[in-house]
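Data block below; observations after.
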Amino acid sequence: MRRIIANLLVLLLVFSLTSINGSAKETDKQHDKELWNVVHPLSTTVTFLNTGAHPDDERSDFLAYLSRGLGVKTTSLIANRGEGGQNEIGDELGNALGIIRSNEMIEAAKITDVKAFHLSRTTSDTIYDFGFSKSPEETLDKWEENVTYERLIRFIRTQQPDIVMPSFRNVDSQHGHHRAISLLTERAFEDAANPNVYPEQLENGLSTWQIKKMYLPAASKDTASTSIEIGDYDPIYEMTYPQLGEASRYMHKSQGMGNDIPAEPRQIHLELIKSVEDNNTELFDGIAYDFNDWAKQISKKNISNHLKKLQNDLDSIIQEYPNRESIFVKSQQLLKTVERIINKTKRTEFDTSMKRDLLHKLELKKEQLQKVIFTASNLQIKTRAASSIVTQGEQSSITMELTNKGKKTLKKINADLLLPKDWVNVNSKQIKSLKPNESKTIIFDYEVPKNAGYFQPYEEPIIKTKVSMNGKGTKATAIEELPETLAILPELSVTTNPTNIVVNTADVQDKIPVTITVKNYSSGKRKGSVSLNLPKGWNSEPKQSNISFEERYDEKEVTFNLIPPSKIEEGSLSIEAKVNSSGKTYQTAVQEIQYDHIKDSYYQYPSMINAEAFKLLKPDNLKIGYIESGFDKVADYLIETGFDVTTLKEEDLSSGDLSQFDTIITGIRANLSRTDLVTNNQRLLQYVEDGGHLVVQYHKPGDNWDTQNSAPYQLKIGSPSIEWRVTDENAVVNILKPEHKLFNYPNTITENDWQNWVQERGLYFPMSWDSNFETFVSMSDPNEDPFTSGILMAEYGKGTYLYTNLVFYRQIDNQVPGGYRIFTNLISYGVNE
């Protein structure tokens with residue numbers, strides 16, 4: 001097996017290093033991870049594609065084994081951006097969360113040397129994470145199946161993978177998004193090779209591609225076609241491949257991924273479901289593993305002989321590891337050889353399909369050799385932008401510092417900036433020679449066109465660097481992104497706070513305060529005037545406000561008091577914030593997304609205040625304590641709606657007077673983010689026993705939730721997740737106790753209050769609970785048994801404990817009137833009418 005051979009090579013490498021240096025301890029010092037990362041892939045021509053639905057769906061342990069362990073060119077294709085998920089590091093949801101998760105996917109893939117791609121292209125794409133789905137049919141209907149499938153076929157024809165494996169099986173126990181991708185991937189096995197499927201792709205330069213084999217994760221070891229040991233220890237990375245995979249998964253911080261695992265055996269079990277040849281169950285059976293295998297398939301001796309020698313030369317480069325100087329010289333020579341073989345192959349007549357496939361493999365090897373050349377050359381390239389943010393019409397610069405860290409003089413180095421076609425080209429800079437330890441600095445000046453498009457988070461970087469190096473009669477080129485995000489943004493960002501407001505038709509507010517934050521992204525001084533476009537009958541104080549800025553990144557806040565009409569009809573309204581400056585009007589908010597583990601990014605959206613007018617009755621003088629989790633904004637919305645809310649800190653929970661609050665609410669998954677809440681849980685239960693009302697919003701089973709002790713009585717959260725959620729936001733809700741105060745005070749709840757919900761009804765429904773809990777609602781997805789645990793409440797001492805897994809936080813965030821009214825009733829229970 002190829003795996004055994006690869007492992008033997010690694011062991012031989014370790015033994016050879018040990019013999020050179022005398023001890024294994026000294027051997028560790030010889031590991032050149034950067035060099036090995038680019039040299040090892042020369043050993044094989046196999047390409048592998050893993051498909052999934054969301055960022056973090058990749059099979060990290062197996063991909064680490066393939067890519068880092070065997071050198072296989074490995075790619076991950078993810079459908080959407082994970083916009084509908086939950087966020088464990090901040091309060092970003094929707095598109096902002098999708099941007100975070102996409103960038104986490106990129107950083108995770110770097111650790112396993114996997115190239116990550118997405119089918120979704122924009123923040124308004126139809127291929128969107130709309131929340132949990134229980135069927136592939138629903139998923140493909142919302143994603144627009146033809147759009148999704150066309151992009152999948154295009155990707156396969158572009159990347160030309162030998163082996164494809166979806167991350168999940170198309171079975172009832174799986175997420176509908178996972179099932180949809182598995183279904184489409186299986187269909188693509190034949191269709192990517194069929195010229196009648198999306199023929200327009202072939203007219204635009206692509207060719208058909210026949211995937212050689214398709215595997216699925218086996219349902220069990222017994223049903224596997226092949227089982228592969230992937231738990232090997234790799235001395236280069238000083239960990240096993242599953243451990244390397246977990247290091248990668250730790251980058252998915254917004255999803256709480258990553259675990260510390262021991263070094264131990266681990267097998268992956270695969271089921272072969274499609275193959276172009278029979279009886280090839282082992283992973284690489286029936287696939288040309290290297291150019292020796294290709295030589296056996298090519299009948300033209302002038303080509304096959306060259307291929308055999310090529311693989312021998314590639315192997316000799318690997319054997320030179322970790323000698324950078326020798327590898328540098330040999331790889332330059334071999335790059336020229338590959339170019340000659342490519343030209344010879346193009347001129348030679350033989351099977352068209354095989355020629356096309358071979359040329360693809362040779363081009364990939366050419367790319368890999370160029371990476372080897374640059375790494376082995378010890379040419380250090382550092383770039384920095386004068387400003388990471390620029391505006392239309394601005395002049396700026398990129399500085400590039402080239403340093404020769406090696407022992408050989410480097411000659412004929414060309415450096416360029418790669419700019420969009422409609423930008424003024426920057427002249428390339430040439431360095432005739434660079435001696436050992438010598439550095440040279442190049443400054444590229446550029447100008448942003450006045451009509452340049454603004455930053456889009458899912459597009460390729462607007463500027464890249466290109467460095468070419470001549471030697472041994474050939475040229476190697478490296479194209480790299482800047483180390484930090486460079487973004488073209490509007491000169492002024494206009495952000496509203498809040499972005500959503502409620503106008504209570506039962507008690508129309510005299511004034512509604514809103515804050516407009518204006519941030520200057522232009523390079524110098526600037527003045528402007530802030531105002532609001534108001535609905536008919538509305539006014540504001542002031543009408544407008546003048547602002548000025550001294551330099552880039554200055555911020556100014558302006559507070560307006562919105563004055564609604566005394567009588568207002570129920571419905572939706574929009575209020576637009578704008579700034580007039582230097583003859584232009586700015587009406588876009590820029591949300592800066594900045595975390596240490598990913599590159600900075602920016603999400604732009606209209607500077608709007610969305611107002612929803614509806615009747616909301618509230619008890620007088622209700623005093624609320626809110627334990628924020630950092631995962632929701634419910635407390636903010638309650639305050640904006642006129643509730644008296646105090647956010648509770650650690651000292652409040654440990655020693656504060658909790659009896660002053662009529663109700664205490666915990667944010668979603670608060671046990672996960674607030675260890676002080678877990679520590680002081682008994683004080684909260686005592687608060688209930690003494691007469692308080694505690695409302696706990698949903699938790700996952702792993703969120704430090706103790707089935708026996710978190711609630712006053714036993715309460716077990718449902719698992720696995722797919723079996724304990726209602727994903728249909730329009731699912732019929734039956735109120736089991738319509739006369740109960742929960743549904744009649746202060747608001748009378750009707751079936752209208754369950755309409756227009758967003759994304760879902762509830763998730764992680766409790767699966768068992770003590771008989772002291774009462775149940776109040778029943779709901780289910782189509783053709784499923786109903787859940788009755790969406791609202792559970794129990795008397796405990798003099799007070800009451802209420803647990804709800806219904807997603808009120810999403811409804812409140814999206815201004816769903818019924819979500820507000822029902823939640824108001826839940827938190828008002830126990831207050832005298």
Side-chain angles (χ1 to χ4, degrees), residues 87 90-97 492-519 530-535 538-542 545 555-565 568 570-579 586-593 603-616 618 624 626 628-647 665 667-668 697 756 758 807-821 823-824 827:
N87 186 354
D91 58 13
E92 296 92 348
L93 294 174
N95 281 321
L97 175 59
L492 298 175
S493 166
V494 186
T495 305
T496 63
N497 184 26
T499 55
N500 299 322
I501 62 174
V502 168
V503 181
N504 190 354
T505 60
D507 183 17
V508 178
Q509 301 97 309
D510 294 332
K511 295 181 180 180
I512 304 173
V514 298
T515 300
I516 310 301
T517 301
V518 185
K519 186 165 186 175
V530 188
S531 60
L532 303 171
N533 288 336
L534 297 166
W538 287 62
N539 289 296
S540 71
E541 295 178 350
S545 181
E555 280 187 345
K556 292 293 173 65
E557 288 187 354
V558 178
T559 298
F560 289 87
N561 284 313
L562 301 177
I563 305 172
I568 187 169
E570 294 194 356
S572 301
L573 302 165
S574 293
I575 298 165
E576 189 174 50
K578 63 181 181 180
V579 177
Y586 299 91
Q587 298 168 302
T588 300
V590 178
Q591 182 176 359
E592 298 179 2
I593 298 173
Y603 174 50
Q604 299 172 65
Y605 57 91
S607 306
M608 303 288 289
I609 300 171
N610 301 304
E612 192 73 27
F614 58 90
K615 182 179 180 180
L616 178 65
K618 310 193 305 288
I624 299 170
Y626 198 99
E628 291 185 305
S629 62
F631 305 144
D632 67 72
K633 297 180 180 179
V634 172
D636 295 336
Y637 288 119
L638 292 178
I639 292 170
E640 290 159 10
T641 316
F643 285 93
D644 180 1
V645 179
T646 300
T647 56
I665 308 169
I668 63 169
Q697 296 183 80
N756 302 313
V758 297
V807 286
F808 289 108
Y809 79 104
R810 290 198 188 275
Q811 313 318 312
I812 291 172
D813 192 48
N814 287 276
Q815 298 176 286
V816 178
Y820 266 98
R821 281 196 282 257
F823 195 71
T824 296
I827 65 177

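In this structure the side chain of Lys578 reaches within 4.5 angstrom of the side chain of Asn533, judged on heavy atoms. Taking the side chain as every heavy atom from C-beta outward, Phe808 and Val634 never approach each other to under 4.5 Å. Looking at Glu557 and Asn497, their side chains never come closer than 4.5 Å, going by heavy atoms from C-beta outward. In this structure, Glu640 and Val502 have side chains that are not in contact, with every pair of non-hydrogen atoms separated by 4.5 Å or more. Counting only heavy atoms from C-beta outward, the side chains of Trp538 and Ile568 approach each other to under 4.5 Å. Inter-residue side-chain proximity for Leu534 and Leu562 is flagged as met; some heavy-atom pair is nearer than 4.5 Å. With contacts defined as side-chain heavy-atom distances shorter than 4.5 Å, the pair Pro498/Val514 qualifies.
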Candidate pair Ile575 and Phe560, rule side chain to side chain contact (heavy atoms under 4.5 Å, CB included), full reasoning: CA-CA 12 Å; Ile575 298 165; Phe560 289 87; over 6 Å; no

Trace of the side chain to side chain contact (heavy atoms under 4.5 Å, CB included) decision for Phe614 with Arg821: CA-CA 10 Å; Phe614 58 90; Arg821 281 196 282 257; 3.9 Å; yes

Test side chain to side chain contact (heavy atoms under 4.5 Å, CB included) applied to Glu555 and Thr517, step by step: CA-CA 7 Å; Glu555 280 187 345; Thr517 301; 4.2 Å; yes

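In this structure, the side chain of Ser607 engages the main chain of Thr588 through a donor-acceptor pair within 3.5 Å. Judged purely by atom type and a 3.5 angstrom limit, Glu570 uses its side chain to pair as donor or acceptor with the backbone of Lys615. At distances below 3.5 Å, not a single donor-acceptor pair connects side-chain atoms of Asn561 with backbone N or O atoms of Lys511. Listed for the Ser629 side chain is a donor-acceptor partner under 3.5 Å among the backbone atoms of Ile668. Judged purely by atom type and a 3.5 angstrom limit, Gln587 has no side-chain atom pairing as donor or acceptor with the backbone of Pro606. Judged by distance alone, the side chain of Thr496 and the main-chain N or O of Met608 form a donor-acceptor pair under 3.5 Å. Between the Gln815 side chain and the Asn610 main chain, a donor and an acceptor come within less than 3.5 Å of each other.
One finds the CG atom of Asn504 at 8.5 Å from the OG1 atom of Thr641 (value rounded to the nearest 0.5 Å). Rounding to the nearest 0.5 Å gives a distance of 9.5 Å between CD of Glu612 and CG of Asn500. The structure places CG of Leu638 at 11.0 Å from CG of Asp644, a figure rounded to the nearest 0.5 Å. Rounded to the nearest 0.5 angstrom, Asp507 CG and Lys618 NZ are separated by 6.0 Å. Expressed to the nearest 0.5 Å, how far NZ of Lys633 lies from CG of Asp813 amounts to 6.5 Å. We find the CD-CD distance between Gln591 and Glu92 to be 6.0 Å, quoted to the nearest 0.5 Å.
For the pair Gln697 and Ile665, the tightest heavy-atom approach, listed with the atom from each and the gap, is NE2-CG2, 3.7 Å. In plain terms, the two heavy atoms of Thr647 and Ala635 that are nearest each other are CG2-CB, 4.4 Å. Residues Ser574 and Pro535 approach most closely at O-CG, 3.8 Å, considering heavy atoms. Nearest approach of Asn87 to Asp91, heavy atoms of both residues: ND2-N, 4.0 Å.
Tyr586 pairs with exactly one of Val530, Val494, Val518 by the side-chain contact (heavy atoms from CB on, under 4.5 Å) rule, that one being Val494.
Using a 30° and 60° split on the angle between ring planes, Tyr637 and Tyr820 fall in the perpendicular class, above 60°.
Residues Asp632 and Tyr626 bring a donor and an acceptor atom of their side chains to less than 3.5 Å of each other.
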